[in-house]
There are 2 protein chains.
Amino acid sequence: MSYSIGQVADKLSISPYTLRYYDKEGLLPFVDRNSAGRRRFKDNDFNFLEVIVCLKEAGVPVKQIGNFIDLCMTGDTTLQDRYDFLNEHEAKLEAKMARLQHTLDFLRWKKWYYKTALQAGTESIHYLPGTNHVDPAVHVEFNQLVADGADPKDLGNLPEGTAKA
Amino acid sequence: MSYSIGQVADKLSISPYTLRYYDKEGLLPFVDRNSAGRRRFKDNDFNFLEVIVCLKEAGVPVKQIGNFIDLCMTGDTTLQDRYDFLNEHEAKLEAKMARLQHTLDFLRWKKWYYKTALQAGTESIHYLPGTNHVDPAVHVEFNQLVADGADPKDLGNLPEGTAKA
DNA sequence: ATAGAATCTAGAGCTAACTCTAGGTCAAGT
DNA sequence: ACTTGACCTAGAGTTAGCTCTAGATTCTAT
């Protein structure tokens, strides 16, 4: 079984333009061509393609993905390099996910900040008396709620029937 | 207490160039200037700055962050919009983290694939007999190990003393 | 046989998010 | 007073990752 660039593009939910661009950048040295010069993807090629898609999603630059594919084409002498590459990007991805978790925590505290402001009808309930400056105690209060066992995922949610329109 | 652009840049670990760029894009309408036209950041400004940094990390485009800051400057009439904005980006970030978790799972399976190949000295142990094509049963085998309770975070790790040089 | 759709290459164009340059002002230490 | 370094603006330059155009070829279905 073989697949045209359009069929592969559909399967991967990316454009044929992008696939050709990847090819140009050296990411697809494994694809065959038919007698008319058109790309014919094989079933086995999807093993490479899913690695490419994975590394893309992990935030690895196209050039580095190209380096990895080069290693793959070279053979068993590069097994250690390929392992090291994946190991490195596993660590980077774990670090990124930890950062994103902090970002998510922050977003939830701000949601709670606006939920409570919304319920009071004004943001000024969070201000230091007589200023436009946020009282640091407000953040402390939120942290206290979380420390007391509240789920930060729920704390910022508006009660039912509060949505507008 | 007030801070120069350089001091703020240091605190946030971003360049003064980037801060001026953000200002140009309308992200910093709240910063004051001294008589010579230089930016003077106040303590309260860090409440905005940490929101900007958070949204950046969450992957929100600069223009949209600008829209949010505009809402902030407008006053209490925009509280619902600000809440909705954060709510939307919380959901997007949760979705992204779920995707990244799948990506991480995939990376770990590939690490295991190369660990086992490395231990065998050749990738061909994973091929269908007489081909260069990966046997789909290999992935099934990995999934089985995970289903049987193995930690995917550990499965792909090479035993101690195997690192090169 | 032929019209319309898909593909090809080379190369131009685009967008986001910086990043830097040039030419000038201002502030802090000696 | 003077030098050094931080700061200012406007605008040019850069990079990554596409995205599209043009002009030609090929495939598919009637």
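Every chain is numbered from 1 and lettered A, B, ... according to where its sequence line falls, protein lines coming before strand lines. This structure is a prediction, so every number in the text was calculated from the model and none was measured. The figures that follow rest on heavy atoms only: side chains count, while hydrogens, waters and symmetry mates do not.
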Any sub-3.5 Å donor-acceptor pair from B:Y22's side-chain atoms to B:I52's backbone N or O?
no
Got a donor-acceptor contact below 3.5 angstrom from the A:D81 side chain to the A:T78 backbone?
no
Between the first and last five pairs of the helix from C:dA1-D:dT30 to C:dT30-D:dA1, the angle of the axes, rounded to 10 degrees
20°
Please check: side-chain N/O of B:S124 versus main-chain N/O of B:Y127, any donor-acceptor pairing under 3.5 Å?
no
Would you confirm whether the ring centroid of B:F85 sits within less than 6.0 angstrom of the ring centroid of B:H89?
yes
If you take any heavy atom closer than 4.0 Å to DNA chain D, which residues from residues 37-52 of chain B end up in contact?
B:G37, B:R38, B:R39
Tell me whether B:E123 is salt-bridged to A:R82, with the criterion being a basic N under 4.0 Å from an acidic carboxylate O.
yes
Out of A:Y113, A:W112, A:W109, which one pairs with A:H139 under the ring-ring contact (aromatic ring centres under 6.0 Å, His included) rule?
A:W109
Under a 4.0 Å threshold between the charged nitrogen and the carboxylate oxygen, would A:R20 count as salt-bridged to A:D23?
no
Salt-bridge contact A:K11-A:E50 (side-chain N to carboxylate O under 4.0 Å):
no
If you measure from NZ on B:K110 to CG on A:N87, what distance do you get to the nearest 0.5 Å?
15.5 Å
Would you say the side-chain atoms of B:K115 pair up with the backbone N or O of B:L155, donor to acceptor, closer than 3.5 Å?
yes
Residue pair B:R40 / B:S4, side-chain heavy-atom distance below 4.5 Å:
yes
Are any non-hydrogen side-chain atoms of A:K56 and A:V62 less than 4.5 angstrom apart?
yes
Going from CD on A:E90 to OG1 on B:T103, what distance comes out if it is rounded to the nearest 0.5 angstrom?
12.5 Å
Would you grab the first and last nucleotide of DNA chain D (5' to 3') that comes under 4.0 Å of any non-hydrogen atom in chain B?
D:dA6 to D:dG11
With a 6.0 Å cut-off on ring centres, are A:F46 and A:F41 close enough?
no
What residues from residues 14-22 of chain A pass a heavy-atom cutoff of under 4.0 Å to DNA chain D?
A:Y17, A:T18, A:Y21, A:Y22
Please list, by residue number, the residues of residues 58-70 of chain B whose heavy atoms come closer than 4.0 Å to an atom of DNA chain D; answer none if no residue qualifies.
none
Please find the pair of heavy atoms, one from A:L27 and one from A:P29, that lie closest to each other, and give the distance.
C-CD, 3.2 Å
Side-chain ion pair, B:K42 and B:D32, N-O less than 4.0 Å:
yes
Identify which one of A:R99, A:H102, A:K96 satisfies the side chain to side chain donor-acceptor pair (under 3.5 Å) criterion when paired with B:E57.
A:R99
Which nucleotide span of DNA chain C, 5' end to 3' end, has atoms closer than 4.0 Å to non-hydrogen atoms of chain A?
C:dA6 to C:dG11
Quick check: on DNA chain C, is the nucleotide nearest B:A36 upstream (toward 5') of the one nearest A:G6, or the reverse? Name the residue that is more 5'.
A:G6
